[in-house]
Enquirer: 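Got a structure for you, written out below as structure tokens; questions coming shortly.
The figures here come from the full heavy-atom set of this structure, side chains too, leaving out hydrogens, waters and symmetry mates. What you see is a predicted model; the values in this text were computed from it and never measured.
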There are 2 protein chains.
Amino acid sequence: MTSANPKIISFIGADRGPWKIASSSAVRGEGLSFATHLDIVRGPSNEPYPEGAWTLQAVISNLRYTTRDEKSKLDKDSRALGQPEFDAGAFIPIRKSAAWWALTQDERRKIFEEDSKHIATSAKYLSYISRQLHHSRDLGGEFDFLTWFEFSAGHVDQFDELCYALRKTKEWEFVEREVEVKLVRNA
Amino acid sequence: MTSANPKIISFIGADRGPWKIASSSAVRGEGLSFATHLDIVRGPSNEPYPEGAWTLQAVISNLRYTTRDEKSKLDKDSRALGQPEFDAGAFIPIRKSAAWWALTQDERRKIFEEDSKHIATSAKYLSYISRQLHHSRDLGGEFDFLTWFEFSAGHVDQFDELCYALRKTKEWEFVEREVEVKLVRNA
């Protein structure tokens, strides 16, 4: 009786896939089990992966905090994923606390942007770090968000700088689990 | 590899369940197929229902528009579902248009409350019409929301008045499918 969700995107840590896992670090809370590659499948995956492989699923959803003015600025600088020079990437699953989700919309927005400058800080990096947010909280998984980034290996320091800046914010006080999976695109 | 969503609530139009279907009307777009009863199951349902039964699934999620001030007022007047005198109910699945979902958060909030007074209008009825919003858009179903209302049969006119008021709003210009299923609790 349960129909499959056609919006699902599966991120699979296994022994194959277009991205090699260069490192996997538990930033907060439990990490992810060892895998050599990350595979990405549109829709639920029924392929047999080896024992120990993990699958995290999410969907691309509507904007939750961004205003029209902010979106116009972001769109001007953003580049599509999949640029030929994007040979590096990062996959960062995040779960926020129950306290975060109990906040009202205005309270979350204030912490997200007015206090933490999540959009303003990220915007500075957009011309060379492309990203896609995936939502998973309503899907009942282990994480609330699966965030995805692509950039050229020459910009890894800037990517680390962006992560460092965000992790110091008030918003991040509500992050209770975060794993940083650094990736290198298969040659 | 796909794990079940523990947050899922299934609404099943079939031949049994705690609520009798008094009427089912397509307010906009396609209706739902005929059923005599509505069953509600926490989690995915694996029970065999007769051919023609329909299942709609959703989850209870975080607030998307309500501010702290609004929530405080709403909470003061709200009553829990399941009051003994609530012998009537309504189940109203709704899908909004792609144009709605392409709006930014500030644009949706403005239409939702400043223009359409969704919260302010609903608040007037809260002391005798209890409700629960369920989200289904990220689950990839036919509807974006499954809305649920309970009240006493003596208040059905007020419930209809509330629906009438909301359906005249600017927000409702973005509703592209809506079915109103009126219910009577089994004696």
Enquirer: Identify the heavy atoms of B:Gly140 and A:Pro6 that sit nearest to each other, and give their distance.
Expert: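 Heavy atoms only, the tightest pair is O-CD, 3.5 Å.
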
Enquirer: Could you tell me whether the side chain of A:Gln105 reaches within less than 4.5 Å of the side chain of B:Leu63, counting heavy atoms only?
Expert: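 Answer no - side chains too far apart.
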
Enquirer: Taking all atoms of both residues into account, what is the closest heavy-atom pair of B:Asp138 and A:Val59, and its distance?
Expert: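 Looks like O-CG1, 3.5 Å.
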
Enquirer: Could you tell me which portion of A:Thr67 (side chain, backbone, both or neither) has an atom closer than 4.5 angstrom to a non-hydrogen atom of chain B?
Expert: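 A:Thr67 touches chain B through backbone and side-chain heavy atoms alike.
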
Enquirer: Under a 4.5 Å side-chain heavy-atom rule over Ile, Leu, Val, Met, Phe, Trp and Tyr, are B:Phe151 and B:Leu74 clustered together?
Expert: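 Hydrophobic grouping puts B:Phe151 with B:Leu74.
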
Enquirer: Heavy-atom distances under 4.5 Å only: say whether B:Ser61 touches chain A with side chain, backbone, both or neither.
Expert: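 Both parts, heavy atoms under 4.5 Å.
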
Enquirer: In terms of side-chain geometry, is the basic nitrogen of A:Asp106 or B:Arg64 positioned less than 4.0 Å from the acidic oxygen of its partner?
Expert: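 No, no charged N to carboxylate O under 4.0 Å.
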
Enquirer: Where on B:Ala58 is there a heavy atom nearer than 4.5 Å to chain A: the side chain, the backbone, both, or neither?
Expert: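 Looking at B:Ala58, nothing touches chain A.
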
Enquirer: Between the side chain of A:Asn5 and the main-chain N/O of B:Leu139, is any donor-acceptor distance below 3.5 Å?
Expert: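 A pair under 3.5 Å: yes.
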
Enquirer: Is there a path from A:Val184 to A:Phe91 through hydrophobic residues (I, L, V, M, F, W, Y) whose side chains come within less than 4.5 Å of each other?
Expert: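 Looking at the clustering, A:Phe91 is in a separate group from A:Val184.
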
Enquirer: Please check if the side chain of B:Asn62 supplies one atom and the backbone of A:Ala102 the other of a donor-acceptor pair under 3.5 Å.
Expert: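 Side chain of B:Asn62 to backbone of A:Ala102, a donor-acceptor pair under 3.5 Å: no, none is there.
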
Enquirer: Could you state whether A:Phe11 and A:Ile92 fall into the same hydrophobic cluster, counting links through intermediate Ile, Leu, Val, Met, Phe, Trp or Tyr residues with side-chain heavy atoms under 4.5 angstrom apart?
Expert: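 No, no single cluster joins them.
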
Enquirer: B:Arg108 versus chain A, heavy atoms under 4.5 Å apart: side chain, backbone, both or neither?
Expert: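 The answer is the side chain of B:Arg108.
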
Enquirer: Can you hop from B:Leu162 to B:Ile119 via hydrophobic side chains spaced under 4.5 Å?
Expert: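 Yes, one cluster joins them.
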
Enquirer: Indicate yes or no for a side-chain donor-acceptor contact from B:Lys7 to the backbone of A:Arg137 under 3.5 Å, with no hydrogens or angles considered.
Expert: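 A pair under 3.5 Å: yes.
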
Enquirer: How far does NZ of B:Lys71 sit from CG of A:Leu103, to the nearest 0.5 angstrom?
Expert: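 Rounded to the nearest 0.5 Å, the NZ-CG separation comes out at 10.5 Å.
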
Enquirer: Are B:Val156 and B:Ile129 connected in the hydrophobic side-chain network, where two residues link if heavy atoms are under 4.5 Å apart?
Expert: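 Shared cluster, yes.
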
